Number of protein chains: 2
Amino acid sequence: MVVAVSERAPREPKYYLVKRHLLDIIGSLPPGSLVPTERILTLELGTSRTTVRRALSELVGEGRLVRRQGSGTYVAEPKISWPLRMTSFTEQAAEAGYTVTTQLLDARRQRADEEAAARLDVKVGASVFVIERLRLVNGAAMAVELSQLSAARFPGLVAKLRREPSLYRVLAESYDSAPVEADETIETAAASPRKAELLDTDTGAPMLVLSRHSFDASGAPIEWVRSWYRGDRYTFVARLTAR
Amino acid sequence: MVVAVSERAPREPKYYLVKRHLLDIIGSLPPGSLVPTERILTLELGTSRTTVRRALSELVGEGRLVRRQGSGTYVAEPKISWPLRMTSFTEQAAEAGYTVTTQLLDARRQRADEEAAARLDVKVGASVFVIERLRLVNGAAMAVELSQLSAARFPGLVAKLRREPSLYRVLAESYDSAPVEADETIETAAASPRKAELLDTDTGAPMLVLSRHSFDASGAPIEWVRSWYRGDRYTFVARLTAR
DNA sequence: ACGCGCAAATGGACTAGACCACTTCGCGTC
DNA sequence: GACGCGAAGTGGTCTAGTCCATTTGCGCGT
């Protein structure tokens with residue numbers, strides 16, 4: 001008697017209704033505005049706080065909202081564009097009109113694991129430098145960067161880096177080595193507690209991970225870098241041309 | 001008498017402990033293996049199911065696990081690399097050895113909103129074609145693509161597209177128009193219920209959003225496309241050269 | 001007038017449980 | 001032997017609540 005409905009609607013979870021409600025609010029407010037508290041939204045929308053928080057978390061992850069514990073939830077500033085280019089990080093930023101500083105978190109020598117060995121064209125267990133840096137734009141943490149280079153190929157690199165912060169300049173001046181080609185990959189990830197703290201965000205927040213594998217003119221690998229950017233704050237931009 | 005500890009540890013949430021436990025398990029198993037059920041993990045780790053699920057959700061979002069309702073949670077296959085290049089989608093895939101099909105979801109004419117007008121260099125309210133397509137690789141949904149083009153510039157485009165699926169071929173053959181330059185931006189987002197269903201994933205799953213704004217030889221805008229890719233399954237790859 | 005301390009309010013983490021949708025598989029029936 | 005039904009088990013969503021960490025601001029004391 002009853003006919004089954006063949007086309008089932010793509011049922012909408014309740015938290016998504018909350019999300020759309022919040023998007024309405026966000027759309028009508030300038031960045032920095034306070035949005036209703038979680039407990040008020042819970043009452044207004046007749047739902048549980050867990051459900052409200054799920055909607056808020058997605059919007060925070062998309063860079064639409066900012067949460068400040070003890071204070072409130074606010075409409076976020078627009079995202080910042082970041083160019084994908086061959087030039088050094090410092091130069092890139094200067095061109096875009098930003099003031100960039102770098103904080104050396106760690107520089108150590110360790111044995112290459114399987115992946116590092118393959119990337120740097122050395123044997124597993126060979127000595128590699130691991131350099132961890134925090135990139136800041138106009139004083140705000142932007143990315144955590146983990147570089148690996150062959151220790152045999154760049155002897156004394158770490159000591160030189162402590163005096164001259166630009167890695168590319170050190171490579172050019174002290175080792176007469178410059179990357180001319182690179183493979184870059186981009187993917188998503190969730191922030192570890194450590195990276196979250198360094199980048200002043202929450203554990204589990206969505207991030208953009210940029211990996212760069214660069215080579216010199218002879219095709220020999222120079223460095224392998226992975227950079228973690230806050231996905232709620234940055235957008236990568238590339239300019240492509242035919243052929 | 002008591003000295004305050006100045007360096008507070010980056011305290012680890014409990015769910016992150018669960019996540020690391022799961023990473024141990026994942027590391028020792030081949031793709032496709034079944035991992036313990038949520039309720040078993042709850043008992044084993046002495047925690048609530050909510051906490052277990054938060055850890056699982058992050059790992060699913062990072063492409064390390066796959067959840068199948070009613071069945072179980074499994075170790076995921078490695079991610080697929082996808083090149084960022086100027087050539088058409090169909091050609092790209094063929095080069096990489098994939099079989100790609102395209103499903104036309106919707107093709108309509110609508111009035112340009114503010115952003116579309118700016119991108120396509122037309123007036124707000126001018127007629128634009130909006131083409132929504134689903135891209136499939138070897139039969140599996142890969143991306144949802146939303147293209148917008150000026151209707152005045154490409155009259156009859158939608159009708160032609162129904163016969164010839166490659167947009168770039170239609171543009172070249174019928175309008176003698178070819179994109180030679182493009183700006184691409186990459187950012188993260190959460191899947192809407194509709195996109196989640198089309199891409200066979202969960203609402204709120206992390207995605208990579210690729211926007212392409214392409215121009216012809218005279219610098220006039222041709223199309224503005226946004227593509228949503230599953231972040232747990234795809235990685236973008238670009239090859240950069242100096243200068 | 002100033003500053004300190006405390007209370008209130010916020011977001012953050014977590015619990016224990018309910019109910020639903022879907023898959024799987026064994027058992028009974030044909 | 002093939003089929004179909006149903007129970008059991010899985011992940012999916014949501015509730016209602018606890019306790020914690022941090023911020024804010026008010027009121028009291030000086």
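This one's a predicted model, so the numbers in the text were calculated from it and none came from an experiment. In what follows, every chain begins at residue 1, and chains take the letters A, B, ... in the order their sequences are listed.
Listed nucleotides C:dA13, C:dA16, D:dT13 differ in distance to A:Arg53; the shortest reach to its side chain belongs to C:dA13.
Nucleotides of DNA chain D nearest to A:Tyr74 and A:Arg54 differ in position, and the one nearer the 5' end is that of A:Arg54. Between B:Gln69 and A:Ile40, the one whose closest nucleotide on DNA chain C sits nearer the 5' end is A:Ile40.
Following rounding to the nearest Å, A:Asp200 (CG) and D:dT22 (P) show an atom-to-atom distance of 13 Å. The distance between atom CG of A:Leu56 and atom C1' of C:dA13, rounded to the nearest whole Å, is 15 Å. As a whole-Å value, the separation of B:Leu59 CG from D:dG11 P is 14 Å. We find that OH of B:Tyr16 is positioned 13 Å from P of C:dA13, with the value rounded to whole Å. Protein atom CD of B:Glu12 is 17 Å distant from nucleotide atom C1' of D:dC20, rounded to whole Å. For B:Leu22 and D:dG11, the CG to C1' distance is 14 Å, given to the nearest whole Å. Going from atom CZ of A:Arg67 over to atom C1' of C:dA9 covers 16 Å, rounded to whole Å. One interatomic measurement links the two molecules: CD of B:Glu38 to P of C:dG17, which rounds to 17 Å at whole-angstrom precision.
Between B:Thr37 and D:dG9, a side-chain N or O to OP1/OP2 separation shorter than 4.0 Å is absent. Within the 4.0 Å cut-off from OP1 or OP2 of C:dT10, not a single side-chain nitrogen or oxygen of A:Thr73 is found. At the phosphate of C:dT10, neither OP1 nor OP2 sits under 4.0 Å from any side-chain N or O atom of A:Arg68. A close approach under 4.0 Å does not occur between any side-chain nitrogen or oxygen of A:Thr47 and OP1 or OP2 of D:dC14. Between A:Lys14 and the phosphate of D:dG12, there is no side-chain N or O to OP1/OP2 separation shorter than 4.0 Å.
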What do the steps show when you test B:Tyr16 against B:Glu58 for side-chain contact (heavy atoms from CB on, under 4.5 Å), and what is the final call? CA-CA 10 Å; B:Tyr16 212 81; B:Glu58 270 191 22; 4.2 Å; yes
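Considering only heavy atoms from C-beta on, B:Glu223 stays 4.5 Å or farther from B:Ile131 through its side chain. Taking 4.5 Å as the limit, every side-chain heavy atom of A:Arg54 sits out of range of all side-chain heavy atoms of A:Thr47. In this structure, B:Leu65 and B:Val35 have side chains that are in contact, with non-hydrogen atoms separated by less than 4.5 Å.
Residue A:Ser71 is classed as a sugar-phosphate contact, given heavy-atom separations below 4.0 Å to backbone atoms only. Heavy atoms of B:Arg49 sit under 4.0 angstrom from at least one base atom. Using a 4.0 Å heavy-atom distance criterion, B:Arg39 is classed as a base contact.
For D:dA16, the base has a donor-acceptor partner in the side chain of A:Thr50 [N/O atoms by modelled type, under 3.5 angstrom].
Interatomic distance, CD of B:Glu62 versus CD1 of B:Ile26, reported as 9.0 Å (0.5 Å rounding).
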